[in-house]
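Quick notes on the structure that follows.
Note that the numbering runs from 1 along the sequence shown for the chain.
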Amino acid sequence: MKKIINEYFNFTRKERIGIIVLLILILLFCFLPFLFPFFIKEKHQDTSGFAKEISMLQFKMNDSSKNFAYNNFDENNYQNYYQPSEKNYYSKGPIKGELFYFDPNTLDEDGWKRLGVREKTIATIKNFTSKGGKFYKPEDISKIWGLHEDEVQRLIPYIQIHNTSAEHNYEKKEYVPTVYPKYTPSIVDVNESDTTAWIALPFIGSKLAKRIIEYREKLGVFNSIEQVGETWGLHDSTFQKIKPRLALKNAAVNTMNINTATLEELKAHPYLRYAISNAIFQYRLQHGNFKAVADLKKIMIITDEIYNKAAPYLRVN
């Protein structure tokens, strides 16, 4: 046993040298991180010049902003700019609008634009006057949908109404019990209206009006007013505001035959899409024609919600 142990721990001269070198390397690598600070010298940079330049730049910016605000203030032209209140939803600064005397009953679209009135509000005004509506006194413009109180106060001093009996009595300050017609916002038929009618609604721009009509064309027709709210980009808060002014007069649905429709025709419908259309198409190939639209419920991926939406637009013969 002693002989075996001696042979196991007995090393040749080369092996002993190798072990010693290996131990030295291990110790060197262990202490090497502690030796770095003695070989690397830190370079100190003078940042005083940079700090001075920053201070001078800030001083020039503050000084130039004050001079700009003073030199660009024109007291004579200040009244020609509409200064919106905090409650007004203009957030991009004062709107430049030219003030001049005008008759709201005869003023054209370009004239309203010169006054600084928004295009949507102009559309509402022209819709009102085209249907025989009249302004009998300056304060009547406050009834216009979308014209804010600060805009009304800005325009009233420049209103001159001509050729109306009510205006004649108003100038003489005679008391005449006249009942002024209240402006009633127009009702939009969701299936018959064009982009102009949709734009006349509050918070509906030209792009959103176009999307609503395109969605209606993909469906074929709106089967309910609630479907308008499914339009991409139309927020529910906006839809709830315009909903009282929407009407559904013609709901003649153009149905699609699910037994003869191609896969492309099926997936073009907003309620079917590709996955559902492909399932309908494959089911028809495997089981033959559908006997009733209700047979779609046999397809697993068609839920009751999808079926209730799509069923009014489908038929089997």
Side-chain angles (χ1 to χ4, degrees), residues 82 84-85 87-98 102-135 140-155 159 181-252 254 270:
Y82 174 34
S85 64
K87 295 182 180 179
N88 197 302
Y89 57 70
Y90 285 117
S91 59
K92 298 182 180 180
I95 294 179
K96 190 173 182 179
E98 180 183 353
F102 66 96
D103 185 346
N105 291 314
T106 58
L107 188 65
D108 58 10
E109 185 175 346
D110 292 334
W112 286 107
K113 289 181 180 179
R114 284 175 57 196
L115 290 169
V117 179
R118 298 178 300 280
E119 292 186 5
K120 289 174 62 176
T121 307
I122 294 173
T124 302
I125 295 172
K126 302 309 291 183
N127 184 39
F128 170 62
T129 55
S130 65
K131 294 183 178 182
K134 293 288 184 181
F135 298 97
D140 285 348
I141 67 169
S142 63
K143 301 175 183 178
I144 295 299
W145 182 285
L147 196 63
H148 292 257
E149 181 63 26
D150 41 10
E151 295 177 289
V152 172
Q153 297 302 323
R154 171 177 173 262
L155 297 177
I159 296 176
K182 185 177 181 180
Y183 171 59
T184 303
S186 58
I187 301 299
V188 174
D189 185 348
V190 296
N191 285 326
E192 301 293 337
S193 57
D194 55 9
T195 53
T196 304
W198 285 104
I199 292 174
L201 293 173
F203 311 106
I204 302 296
S206 57
K207 291 184 179 180
L208 196 52
K210 185 178 179 181
R211 287 178 191 165
I212 294 173
I213 293 178
E214 288 177 350
Y215 184 62
R216 182 181 68 191
E217 291 175 351
K218 289 180 180 179
L219 286 173
V221 70
F222 284 124
N223 190 41
S224 68
I225 293 177
E226 297 295 333
Q227 288 177 295
V228 177
E230 299 173 0
T231 305
W232 180 80
L234 179 60
H235 297 289
D236 183 66
S237 58
T238 302
F239 172 66
Q240 296 301 327
K241 290 176 182 177
I242 67 172
K243 185 177 177 181
R245 294 179 58 180
L246 302 180
L248 181 67
K249 298 178 181 179
N250 180 17
N254 299 321

Task: Residue pairs, two or more places apart or on separate chains, that pass salt bridge (Lys or Arg N to Asp or Glu O under 4.0 Å) and touch residues 208-228 - done: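 As it turns out, the salt bridge (Lys or Arg N to Asp or Glu O under 4.0 Å) pairs with a partner in residues 208-228, which skip direct neighbours, are Glu226-Lys243.
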Rounded to the nearest 0.5 Å, what's the gap from [atom1] on [X] to [atom2] on [Y]? Could you check?
X: Leu115; Y: Arg154; atom1: CG; atom2: CZ; result: 6.5 Å
X: Leu147; Y: Arg118; atom1: CG; atom2: CZ; result: 7.0 Å
X: Ile199; Y: Leu208; atom1: CD1; atom2: CG; result: 10.0 Å
X: Asp140; Y: Ile159; atom1: CG; atom2: CD1; result: 8.5 Å
X: Ile141; Y: Thr121; atom1: CD1; atom2: OG1; result: 11.0 Å

Open item on the list: What verdict does the side-chain contact (heavy atoms from CB on, under 4.5 Å) test give for Ile125 and Leu107, after you've listed the backbone C-alpha separation in whole Å, the side-chain angles of each residue and the deciding distance to 0.1 Å?
Closed with: CA-CA 10 Å; Ile125 295 172; Leu107 188 65; over 6 Å; no
Considering non-hydrogen atoms only, spot the tightest contact between [X] and [Y] and give its length.
X: Ala197; Y: Val188; answer: O-CG2, 3.7 Å
X: Phe239; Y: Gly229; answer: CE1-N, 3.6 Å
X: Leu219; Y: Gln227; answer: CD1-NE2, 4.0 Å
X: Ile187; Y: Ala247; answer: CG2-CB, 3.5 Å
X: Ile225; Y: Leu246; answer: CD1-O, 3.6 Å
X: Val117; Y: Ile122; answer: O-CD1, 3.5 Å

TODO: Kindly state each residue pair satisfying side chain to side chain donor-acceptor pair (under 3.5 Å) with at least one member in residues 189-198, sequence neighbours excluded.
DONE: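 Passing the test, one end in residues 189-198: Glu192-Asn250, Ser193-Trp198.
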Open item on the list: The criterion is side chain to side chain contact (heavy atoms under 4.5 Å, CB included); which residues satisfy it with Asp108, sequence neighbours excluded?
Closed with: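 With sequence neighbours excluded, Asp108 shows a side chain to side chain contact (heavy atoms under 4.5 Å, CB included) to Asp110, given in chain and number order.
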Task: Donor-acceptor pair, side chain of Thr238 and main chain of Leu234, under 3.5 angstrom - done: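 The answer is no, because no donor-acceptor pair under 3.5 Å joins these two groups.
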Open item on the list: Below 30° counts as parallel, above 60° as perpendicular, anything between as tilted: where do the rings of Phe128 and Phe135 land?
Closed with: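 Perpendicular.
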- [ ] Report the residues that fulfil ring pair (Phe, Tyr, Trp, His ring centres under 6.0 Å) with Phe102, sequence neighbours left out, ordered by chain and then residue number.
- [x]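 For Phe102 the ring pair (Phe, Tyr, Trp, His ring centres under 6.0 Å) partners, ignoring immediate neighbours, are Trp112.
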- [ ] Go through the structure and list residues passing salt bridge (Lys or Arg N to Asp or Glu O under 4.0 Å) with Glu109, not counting sequence neighbours.
- [x]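 Checked Glu109 against salt bridge (Lys or Arg N to Asp or Glu O under 4.0 Å); matches are Lys113.
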